[in-house]
Amino acid sequence: MTAETFEAIQDDLIAKSDTLARELTVKMNCDCVFISLANTNNLFSLGASVLDPTDVEERVQLASDTVCAITAARNEPLTLDDARTVKEMLKRPFVAEGKVVGYLGKPLRDENAESVGAICAVTTATRLWSEMDHVILQNAAGQVEKMLTEAGFRHSHLCLSNALGEYDDMMGAIAMYAEAKISVHGASGELLFATNALLQDVEPCVLEDHMRRTHNQHGLDETAALRVPNKKAPCQNTQRLRPRVRSHSEHITFVQWDPVEASAT
């Protein structure tokens, strides 16, 4: 589970993180708790005790505005009794505006011990953080890391299941059209599979080149007919095959090639 694609985050993970943030706010007697995922430019508040769960846009902050971005970037805890006394912190708008005064942050790490974000407790007044505060927040960081790992496993498992389902559908369709001219293409038109019936008429490189060009120029719905040498009828220079998309997903396109009638040429 990484912080690079916020849209991949499951709704139930946000709900659980919000609940944890609210519980920690009460337990630590602070103004708010944030559980953030970080990338180079932004932080996403996966969990927060003060945000509307339905307002996803409000959860995205510029990394340069926040103190948690520092915790995440350094991959080490950060404790500030009064952030306003630290010149570096005053460059952060949230500190300059008085929204963050007392700050206690712990990095969130993946299974490789690399930072993916931070969990923090914040006050709007000076706060002397106790040893118990440190223990509570560190334990919470471990809980979030476990949640992220489990969510990442579920996401990977779902992707694998979808891929296997596509493969089963593809192989079943091919079996139904064993004597037909069938090809299967990747996301950019690359040839993944073609039946012998099709390869008797079209060289693989010609077929792939045609699909790549039409995919880039026109899209799948406007794929032009393919002109190929007619090996079975030497008296004719070419024949035309019109691709008909049988199924299409993000990664795989299943195409049936039908001869174009002479009247349609």
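Only heavy atoms go into these numbers, but all of them, side chains included; no hydrogens, no water, no symmetry mates.
- Checked options V50, L46, V67, L43; the residue passing with F34 is V50 (criterion: side-chain contact (heavy atoms from CB on, under 4.5 Å)).
- For the side-chain contact (heavy atoms from CB on, under 4.5 Å) test, residues two or more places apart in sequence or in another chain that qualify with T25 are C30, V33, S49.
- With respect to D258 and R240, no salt bridge is recorded, no charged nitrogen being found less than 4.0 Å from a carboxylate O.
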May I have the list of side-chain donor-acceptor pairs in residues 112-120 shorter than 3.5 Å, sequence neighbours left out?
| from | atom 1 | to | atom 2 | distance (Å) |
| --- | --- | --- | --- | --- |
| S115 | OG | A72 | O | 2.8 |

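- The closest side-chain donor-acceptor pair between T123 and Y103, if any, does not fall under 3.5 angstrom.
- Contacts classified as salt bridge (Lys or Arg N to Asp or Glu O under 4.0 Å) and involving residues 70-82 (residues at least two apart or in different chains) are given here: R74-E88, D82-R84.
- Residues that satisfy the side chain to side chain donor-acceptor pair (under 3.5 Å) test with E190, not counting sequence neighbours, are S188.
- With sequence neighbours excluded, the residues satisfying side chain to side chain donor-acceptor pair (under 3.5 Å) with T124 are D31.
- Of the possible donor and acceptor atoms, one in the side chain of T195 sits under 3.5 Å from a partner among the backbone N and O of I182.
- Of the possible polar contacts, none joining the R212 side chain to the G189 backbone as a donor-acceptor pair under 3.5 Å is found.
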- Task: Dump the intermediate steps for side chain to side chain contact (heavy atoms under 4.5 Å, CB included) on R127 and D133, then the final yes or no.
- Result: CA-CA 11 Å; R127 171 72 174 259; D133 290 330; 3.3 Å; yes
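- Applying the salt bridge (Lys or Arg N to Asp or Glu O under 4.0 Å) rule to E131 yields no partners; only residues at least two apart in sequence or on another chain are considered.
- Between the side chain of E208 and the backbone N or O of L191 there is at least one donor-acceptor pair closer than 3.5 Å.
- Ion pairing between a basic and an acidic side chain is recognised when a charged N comes within 4.0 Å of a carboxylate O; D201 and K181 show such pairing.
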